[in-house]
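Every number for a ligand or one of its atoms is a count from 1 in the order of the listing.
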Amino acid sequence: MLNIKSARVITSSPGRNFVTLKIETEDGTYGVGDATLNGRELAVASYLEDHIVPCLLGRDAHQIEDIWQYLYKGAYWRRGPVTMSAIAAVDMALWDIKAKVAGLPLYQLLGGACRKGNLVYAHANGESIAETIAEAKKYIAQGYRAVRLQCGVPGLGSTYGVSKDKTRYEPADADLPSENIWSTEKYLRVVPELFAAAREELGWDIHLLHDAHHRMSPIEAARLAKDLEPYRLFWLEDAVPAENQANFRLIRQHSTTPLAVGEVFNSIWDCKQLIEEQLIDYIRATVVHAGGITHLRRIANLAALYNVRTGCHGATDLSPVTMAAALHFGLSIPNFGIQEYMHHTDETNAVFPHSYTFSDGYLHPGEKSGLGVDIDEEAAKDFPYQRAFLPVNRLEDGGMHDW
Ligand SMILES: O=C(O)C(=O)C[C@H](O)[C@H](O)CO
Ligand SMILES: [Mg+2]
């Protein structure tokens, strides 16, 4: 029995907003968990502080599964990004504690390493096709084996995935949502040109990926997936909004381009049909938004039965705590596919010192016991929370569209 003595929520903004849970046990061991939900951070902070922390005190930190079930079933109101991110933070922190007590890096507790490291993909983007390809070349020169390509759409002022300042891409860019204008017709013209040029210039030894960010209808997505077939993408991500899982059937009927979806999913129920009907190739659900390691393992086990591999979300709005957890998880499962890797800012890295390292296209979680990531609470105090929203999208006629 290892009693939970305290649990605290730390909200900070070192380069961007993060919500972190720190759980301490009676013997002084502590664990950290990420609870960041981009643009809705304070809702999760309140869920934790007001509704979860009081129920944790005095419980046995070793009973990870039981605490997960208690928080999930016990709330009566199940699922949803706020609930599942809060439960995820508890779950991560408890796995961190268990592995620290065992004196092992977490991946050893999860079954040990299945591979030498986690294959990652980087983000290359530019206003033009030429600029995007030039960015991709920089990543390839650094050893990356997989690169996501996003380029500006001629005629649109801004495009998802394309950074304005050419350094970092942070979509939550204002204290009220920015309004972007979107045209699927314009987008559909440029993407096949981007990948045709990329294969010409980058060759075939590099994995190429693309994120459509849930903006197409099923038939538009089917057309794009078909148009992209000659360029052999690693995946086409978030082709359509996925609340209706059957949407993916139409794309599948028309194309062999591999499909990935799931960064906005928060439970196994969001992807059950997609997996069981083999409508996707990669599931992007991640530790923080899908109920922690305990629940993501359930999703990955189901996926393994149907040849679906993982491709965890790893944008910078997921803190280094989530990245560390995802790397331990990915190293230990048989059906790992790829891990998204966007670099955090120096401020973020200073507040969250971590042991994971990049080498030769792979990330490895390191050998420190636990998750191998910490929060420097003193440093975090210099970066108070700043309200920030994700943008919204309108069509050219003013109608609301998916962002
Ligand atoms: O990284 C990706 O694939 C994304 O789509 C990033 C998301 O827009 C971002 O995480 C939203 O908070
Ligand atoms: Mg995405």
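- Listed by chain and number, the protein N, O or S atoms at a distance under 2.8 Å from the Mg ion (ligand 2) are Asp211 OD2, Glu237 OE2, Glu263 OE1.
- Using modelled atom types and a 3.5 Å distance limit, the side chains of Tyr160 and Asn125 yield no donor-acceptor pair.
- Listed for the Thr159 side chain is a donor-acceptor partner under 3.5 Å among the backbone atoms of Val153.
- One side chain, His123 or Glu340, offers a donor N or O that lies under 3.5 Å from an acceptor on the other.
- Listed by first and then second residue, the side-chain hydrogen bond (donor to acceptor under 3.5 Å, both in side chains) pairs involving residues 386-399 are Glu179-Arg394, Lys186-Glu396 (not counting sequence neighbours).
- A salt bridge does not link Glu277 with Arg252: none of the charged nitrogens is closer than 4.0 Å to a carboxylate oxygen.
- Partners of Ala35 under the side chain to side chain contact (heavy atoms under 4.5 Å, CB included) rule, at least two apart in sequence or in another chain, are Val19, Val44, Leu48, Ala89.
- In this structure, Tyr139 has its ring center at least 6.0 angstrom away from the ring center of Tyr121.
- Interatomic distance, CG of Asn118 versus OH of Tyr341, reported as 12.0 Å (0.5 Å rounding).
- Side chains of Glu367 and Tyr107: a donor-acceptor N/O pair is present below 3.5 angstrom, by distance only.
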Show me a pair-per-line table, with atom names and distances to 0.1 Å, of protein N or O atoms that are under 3.5 Å from an N or O of ligand 1.
| residue | atom | partner | partner atom | Å |
| --- | --- | --- | --- | --- |
| ligand 1 | 1 (O) | Glu340 | OE1 | 3.1 |
| ligand 1 | 1 (O) | Glu340 | OE2 | 2.4 |
| ligand 1 | 3 (O) | Arg148 | NH1 | 3.2 |
| ligand 1 | 3 (O) | Asp211 | OD2 | 3.0 |
| ligand 1 | 3 (O) | Glu237 | OE2 | 2.9 |
| ligand 1 | 3 (O) | Glu263 | OE1 | 2.9 |
| ligand 1 | 3 (O) | Arg284 | NH2 | 3.1 |
| ligand 1 | 3 (O) | Glu340 | OE2 | 3.4 |
| ligand 1 | 5 (O) | Tyr160 | OH | 2.8 |
| ligand 1 | 5 (O) | Asp211 | OD2 | 3.0 |
| ligand 1 | 5 (O) | His213 | NE2 | 3.1 |
| ligand 1 | 5 (O) | Glu263 | OE1 | 3.1 |
| ligand 1 | 5 (O) | Glu263 | OE2 | 2.7 |
| ligand 1 | 8 (O) | His213 | NE2 | 2.8 |
| ligand 1 | 10 (O) | His313 | NE2 | 3.0 |
| ligand 1 | 10 (O) | Asp317 | OD1 | 2.8 |
| ligand 1 | 10 (O) | Asp317 | OD2 | 3.1 |
| ligand 1 | 12 (O) | Asn38 | ND2 | 2.8 |
| ligand 1 | 12 (O) | Asp317 | OD1 | 3.4 |
| ligand 1 | 12 (O) | Asp317 | OD2 | 3.0 |

